[in-house]
Novice: 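If you scroll down you'll find the structure; I have some questions about it.
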Amino acid sequence: MNVWDQFKAKYAAFDISGKLITVLFLTSILGWILYFTYSPAYLQFVLPSGFLPALLQPWSWVTYGLIHDDLWHFVGNAFGIFIAGRYILNIFRARQFLTLFFLGVLAGALSFILASGLLPTFFRSPGLIGASAGVFALIFFACSYFPESEYRLIFVNIKLKYFAYFFLATNIVMVALQVNTGGSLAHLAGAAVGYFAAIRMKEGDDILESFARIGDFFANLFKPSVKKPKSERKAKMKTVYKGKTASSKSTSGTSTDQKKVDAILDKISASGYESLSKSEKDYLFKAGRD
């Protein structure tokens, strides 16, 4: 097996968070190569400030989130994606995780364009790069959906909601002090997307699936029409989380009991994911795959 085949095999074994980190690493390397070899091409990936430049470069609303300023910038965002994935992917589908990330990226782009266009003297920045807005959407989703769950930081366990408070306060202060104002505002926009999505999902409104379907529609416009067997035409949805609109019900033929799943989710809401026993975590994971 050659190096390329080994890479493809390892990539295929990653979950969606690992695949996203890998893609961001490769696109960031491409950005660094372009920056040092032909900067005009590199600038095509950067989101420019102001209304008109951004409107003339619409692809940069997404591409800015695929490149990073330096290696440490990438490492910080990769770590955030990895940690958020540990919580979100226990319950939600990969396409919902990816949809949330790109919604955060787009929200960050929109906030930067509006701010730099309306208040150019306050939001002084030639452009915006980095996946931080999308990462903040993932982090704040996890912190809002699992607020009582804990993450061990060095020698102490800290509840996720306190990480959210810290990041929120830090970025508000940075905007007020005009420190990386454009980037900090994009972070806050991504955080708002993550918080809103978590609240709606808790109430049973699967807005991530709705946006994912919109993305599927546009993606399918560029795919050749292939007729699938009837057995493959019905897409499976992950319905582990508790919601008012959930349509899956327990029947004698199902492999998991929705009432038991609901009881486990109630326990997560009350005491956090870490309060679950190993058997409950295994059962929830199994339910997510059914």
Side-chain angles (χ1 to χ4, degrees), residues 13-24 65 76-108 131-153 158-164 167-168 187 189-213 215 236-243 246 261-262 264-276 280-290:
F14 290 153
D15 64 12
I16 191 62
S17 63
K19 289 179 179 178
L20 178 58
I21 291 170
T22 302
V23 170
L24 291 177
N77 281 332
F79 183 69
I81 293 171
F82 172 74
I83 296 300
R86 288 178 57 185
Y87 295 93
I88 298 173
L89 294 175
N90 277 318
I91 295 181
F92 297 97
R93 293 175 65 89
R95 68 201 300 266
Q96 293 170 311
F97 183 87
L98 204 57
T99 297
L100 180 60
F101 172 79
F102 280 107
L103 284 177
V105 169
L106 289 172
S132 300
V135 175
F136 265 67
L138 295 173
I139 290 174
F140 271 75
F141 182 93
C143 292
S144 302
Y145 200 90
F146 311 102
E148 301 301 322
S149 293
E150 297 179 339
Y151 178 76
R152 188 166 185 80
L153 186 64
I158 302 177
K159 291 183 178 181
L160 294 187
K161 62 182 179 182
Y162 296 124
F163 284 104
F167 288 133
L168 184 64
H187 297 169
V193 167
Y195 172 78
F196 178 75
I199 297 303
R200 297 302 301 160
M201 296 290 272
K202 274 189 170 185
E203 294 175 352
D205 182 8
D206 190 355
I207 63 171
L208 293 182
E209 185 65 29
S210 299
F211 279 106
R213 288 174 182 171
K236 291 183 180 179
M237 283 183 60
K238 195 170 189 177
T239 55
V240 182
Y241 53 88
K242 186 177 181 180
V261 171
D262 291 345
I264 294 175
L265 293 176
D266 288 337
K267 186 175 180 180
I268 292 176
S269 299
S271 307
Y273 180 76
E274 298 304 322
S275 67
L276 300 182
E280 288 173 325
K281 290 179 181 179
D282 291 342
Y283 190 87
L284 189 61
F285 180 74
K286 180 178 180 296
R289 296 177 65 88
D290 289 344

Novice: So which atom in Asp15 and which in Gly18 form the shortest heavy-atom distance, rounded to 0.1 Å?
Specialist: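 Heavy-atom minimum between the residues: OD1-N, 2.9 Å.
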
Novice: Which heavy-atom pair separates Val193 from Gly104 by the least distance, and what is that distance?
Specialist: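 Scanning both residues, the minimum pair turns out to be CG1-N, 4.2 Å.
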
Novice: Lys161: what forms a salt bridge (Lys or Arg N to Asp or Glu O under 4.0 Å) with it, not counting sequence neighbours?
Specialist: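 Applying salt bridge (Lys or Arg N to Asp or Glu O under 4.0 Å) to Lys161 gives Glu148.
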
Novice: Begin with the C-alpha distance, continue with both residues' side-chain angles, and end with the deciding distance and a verdict on side-chain contact (heavy atoms from CB on, under 4.5 Å) for Phe211 and Phe102.
Specialist: CA-CA 10 Å; Phe211 279 106; Phe102 280 107; over 6 Å; no

Novice: With a 4.5 Å limit on heavy-atom distance, are the side chains of Ile91 and Phe146 in contact?
Specialist: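 Result yes, sub-4.5 Å side-chain heavy-atom pair found.
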
Novice: How far apart are the closest heavy atoms of Ser144 and Tyr195, and which atoms are they?
Specialist: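 Of all heavy-atom pairs spanning Ser144 and Tyr195, the closest is OG-CD1, 3.3 Å.
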
Novice: State, to 0.1 Å, how close Ala197 and Leu100 come at their nearest heavy-atom pair, and which atoms those are.
Specialist: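 Shortest heavy-atom separation between Ala197 and Leu100 comes out as CB-CD1, 4.1 Å.
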
Novice: If you compare all heavy atoms of Leu208 against all heavy atoms of Gln96, which two are closest, and at what distance to 0.1 Å?
Specialist: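 Minimum heavy-atom contact is CD1-O, 3.9 Å.
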
Novice: Looking at OH of Tyr162 and CG of Leu153, how far apart are the two atoms once the value is rounded to the nearest 0.5 Å?
Specialist: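 The distance works out to 15.0 Å.
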
Novice: Go through it in stages, so that I can follow the logic: the residues are Phe14 and Ile21, the test is side-chain contact (heavy atoms from CB on, under 4.5 Å), and I'd like the CA-CA distance, side-chain angles, deciding distance and then a yes or no.
Specialist: CA-CA 10 Å; Phe14 290 153; Ile21 291 170; over 6 Å; no

Novice: To the nearest 0.5 Å, how far apart are OG in Ser17 and CG in Leu98?
Specialist: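 Reported value, rounded in 0.5 Å steps: 10.5 Å.
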
Novice: Below 3.5 Å, can you tabulate the donor-acceptor pairs from side chains in residues 134-142 to any protein atom, sequence neighbours excluded?
Specialist:
none

Novice: Out of curiosity, Cys143 SG to Tyr151 OH, how far, rounded to the nearest 0.5 Å?
Specialist: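 Here the rounded value is 12.0 Å.
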
Novice: Below 4.5 Å, heavy atoms only, C-beta onward: do Tyr87 and Tyr145 meet side chain to side chain?
Specialist: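 SC-SC contact between Tyr87 and Tyr145 ruled out.
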
Novice: Asp206 and Met201: side-chain contact (heavy atoms from CB on, under 4.5 Å), yes or no, with the steps?
Specialist: CA-CA 5 Å; Asp206 190 355; Met201 296 290 272; 3.2 Å; yes

Novice: Using the side-chain contact (heavy atoms from CB on, under 4.5 Å) rule, pick out the option among Leu24, Leu106, Ile16 that qualifies with Phe101.
Specialist: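 Going through the options one by one, the only one that passes is Leu24.
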
Novice: How far apart are the closest heavy atoms of Gly65 and Val105, and which atoms are they?
Specialist: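 Minimum heavy-atom separation between Gly65 and Val105: CA-CG1, 4.4 Å.
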
